[in-house]
Amino acid sequence: MQAEAEVVLDMRGISKSFPGVKALDNVQLSLKKGSVMALMGENGAGKSTLMKILFGMYSRDSGTITLDGQDVQFDSALDALENGVTMIHQELAPILHRSVAENIWLGREPVKGPLGLVDHDKMWADSQNLLRSLDLDMDPKKRMCELTVAQMQMVEIAKAISYNARIIIMDEPTSSLTDKEVKHLFEIIRRLKEEGVSIVYISHKMDEIFQICDEITVFRDGQYISCVYSRDTSQSELINMMVGRELKDMFVRESHHIGEPMLTVHKLTLEGKFHNVSFSVRKGEIFGIAGLVGAGRTELIETIFGVNQKSSGTIFVDGKEVDIPSPSTAIEHGMALLTEDRRQTGLSLMLSVEDNGCIANIDNYINKFKLLDLVRLRKETREECQKIRVKTPSMSTPIGNLSGGNQQKVLLARWLLTQPEILFLDEPTRGIDVGAKAEIYKLVSQLAAQGKTVIMVSSEMPELLGLCDRIMVMHDGKAKGILSHEEASQETIMDIALN
Amino acid sequence: MSNPALSTGGQHLSTDEKKVLIKSIISKYGIYFVFLGLVLFMSIMHPAFLTVNNILNIIRQVTSIGLIALGVTIIIITRGIDLSSGSVLALVSVIAASLAQNPDWGARMYPALPMLPIVVPIVVGLAIGALCGGINGFFVAKTGIPPFIATLGMMIVARGAAMIYSDGRPVSSLTPEYNFIGQGEILGIPFPVILFAIMAVLCYILLNHTRFGKYVYAIGGNEQAAHVSGINVGKYKILVYILGGVMSALAALVLSARISSGQPGLGNMFELDAIAAATIGGVSHSGGIGTIQGTVVGALIIGVLNNGLDLLNVSAYWQMVIKGVIIVAAVVFDMRKNARKS
Ligand SMILES: Nc1ncnc2c1ncn2[C@@H]1O[C@H](COP(=O)(O)OP(=O)(O)OP(=O)(O)O)[C@@H](O)[C@H]1O
Ligand SMILES: [Mg+2]
């Protein structure tokens, strides 16, 4: 480590209330030049809120922000950008039907000529240079919606870097990236550090924190807990600070009885996405699907669930061949799908926590007058949310006001409410804090113990290895092989994927 | 509270939190305050304003627009729009009226037609409304063309059809039973007012207590998420537009019965007044947000404005200017309510 560097950013005594919540209570954060500060805490601890205050998106109730020794107050994101602060947001908001380049230069398009027309050639060229300098292999003329979620995220990162900022806030930048891209991002971060850029790095992934961060600030329930050098602390100490209690094993595999085949897929194909995939999952089994982004995992389970129409192949549920033209049929067959991209296919941001939670289960609350039994609906939705510890001021709060991790938990509650026999989970712990992760793992193994079938797509190897009875490895739209719990390891999986 | 995860924390609110709370209450109930303020203002300005008769009068005057606004509220919550309401109203009015003409009237449309029971024009009228709405819904749901375009087409077609059907002339001399829909009273309360109240309550129940209602909000909130949650989005969209058509048909019955004549030019620009009422009432055009009670208040605000400005002898031209300003102001107010920055 270099000698004590100068402090570029100092936030002190920051408080912020929203209706019904005190999101931040007298917290502080101090960032040194050319260093990476991790900001950690459970879902809803106030991390994103503090960063949005810094970035001028929220106004603070009290406190001071000092940038290079001067008190500042940003009234808008534009203000922050002009003062060398940029942010990669936790929730992506790309303009899907515009090109990569247009997204990157949005709001500062290069212009030419007396009329101030947009200089498209320069825009393409600049994008090309930017992407190349970051070793990103991407066509800037492609529309955003043609990219994978991971690629969109990399574009977002490139965009933030293109402002040549002194301070970059990264709010869970890796939540939709795979190992390869994470490595790539870390290389970029190291380079930025050398150039003297300071970074605030928010993540729930412990190993990342220890790899890339110099210091760690911990919040709990809107309060500042402490700030430590990452070389001076350990994972368990950190967890302790975050959750305020000891967390024992992350993966508790309850003994579960594996029964009859529940879901069998035979030579399923979706043209252009995956080919001839066959597998069979039993009752009480946790079945993982591993692979790199673009391997066709999401498409595979979405096709089984009726979101996409299969090109060929057959699906059997409980021994009977079924035809699943739409998600509603899938739900009738006892399936549930927690989708990968919660913004696009999960949340209705302006609707309440309750409405988001109950929507897949409405049919169960119709009484004999064809009206909804709202009392029972409210009670059960509320209980399910409590069971997985959703943190919200009330059930009628718009879900957009919850922290990212808590939004994810509400979506999980949505599907648990339907009491599915076959539960598909696509990146279920994305953006969820350690404590909640452990709870979700526990829940999954309990479901299996009850004889339910769980199929889990994940890019987090440890959770697949820790939880699954068997793991299918996919690569480039093909199922490359299936490993048992005992056989599976990081190496065997990579081996199979790349052979 | 029993559960720590859902509790708000301390019982004592700090001043900061109180400020936030007050702000949120004002923004939530703002439109009701505006309405009360308006009523108060009018009552002070003119003694005749706050009388039972005048109030019933106001409500009766807004029933047609109010009925349409109920339907269009639900449509807008799904992120749609309906521009055809006024034209559908005209078409239904001439068709229903042609089936309810006095048998002894010389210029009847169907001279050979016997006196039909009152349910015939009503049922046929509602069916025409449902058909028009169904066509709107079909195009929106099945072809994916924007609702603005689909209903713009219907707006022009239905108006033309009304002209063709009636040959551009009013269809007059209607039976007393039919006229009752628009002119009758029950216990001193005008029948249109009762009808409007019943429909408002039904729509309220529909939105808040049925599966249909939950799905409407879910579709407006995030259509893709609704689809993945097992909702048949297309079917519910069609139903929503059918409901819109039926509400326009009800408005047509009320209005034609009130003036005792079906007319192809009736209901001109009603769709815009109805959309304005819904919008003033807080329905968001980005979908997923809106309430029936808000829309009812929105319609009443329009009614109070019309009536009050008449009482105060404000010229019709100035009334238009004032109404336009108030509509935009209400929406600006509403946008601030929904703004993310706090
Ligand atoms: N716009 C808002 N309106 C109301 N409440 C909000 C708003 N934004 C955040 N909150 C609340 O403030 C608290 C802190 O949220 P924040 O998003 O900062 O958490 P976080 O630490 O980033 O969590 P996560 O790890 O889940 O992203 C939460 O209780 C949340 O519900
Ligand atoms: Mg966050």
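Letters go in sequence order (proteins before strands), and every chain restarts at 1. Keep in mind that what you see is a predicted model, and the values were worked out from it rather than measured.
Neither the backbone nor the side chain of Leu411(A) comes within contact range of chain B; no heavy atom of the residue lies under 4.5 Å from a heavy atom of that chain. Both the backbone and the side chain of Ile359(A) come within less than 4.5 Å of a heavy atom in chain B. The contact between Ile331(A) and chain B is made entirely by side chain atoms (from C-beta outward), counting heavy-atom distances below 4.5 Å. Heavy atoms of Glu354(A) lying under 4.5 Å from chain B belong exclusively to its side chain. Ile205(B) touches chain A through its side chain: at least one heavy atom from C-beta onward sits under 4.5 Å away, while N, CA, C and O do not. For Tyr365(A), no part lies under 4.5 angstrom from a heavy atom of chain B.
Annotation: maximal heavy-atom pairing with chain B below 4.5 Å, among Thr339(A), Asp363(A), Asp355(A), Val307(A), occurs at Asp363(A). The candidate with the highest count of non-hydrogen atom pairs below 4.5 Å against chain B, out of Asp373(A), Val353(A), Ile366(A), is Ile366(A). Ranked by heavy-atom pairs under 4.5 Å with chain B, the list Leu377(A), Thr345(A), Asp221(A) is led by Thr345(A).
Ring geometry for Trp415(A) against Phe305(A) counts as perpendicular: the plane angle is over 60°, on a 0 to 90° scale with 30° as the lower cut.
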(message) Set out, in order, the CA-CA distance, both residues' side-chain angles and the distance that settles salt bridge (charged side-chain N to carboxylate O under 4.0 Å, His left out) for Glu384(A) and Arg414(A), then state yes or no.
(response) CA-CA 8 Å; Glu384(A) 197 65 53; Arg414(A) 168 191 293 176; over 6 Å; no
(message) Walk me through whether Phe18(A) and Tyr58(A) qualify under ring pair (Phe, Tyr, Trp, His ring centres under 6.0 Å).
(response) CA-CA 10 Å; Phe18(A) 293 110; Tyr58(A) 290 155; 5.2 Å; yes
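A side-chain N or O of Asp171(A) and one of Ser48(A) form a donor-acceptor pair less than 3.5 Å apart.
For Glu383(A) and Lys387(A), the salt-bridge test fails: no basic side-chain N is under 4.0 Å from an acidic carboxylate O. Ion pairing between a basic and an acidic side chain is recognised when a charged N comes within 4.0 Å of a carboxylate O; Glu439(A) and Arg389(A) show such pairing.
For the atom pair CG (Asp25(A)) and CD1 (Ile14(A)), the distance works out to 12.0 Å, reported to the nearest 0.5 Å.
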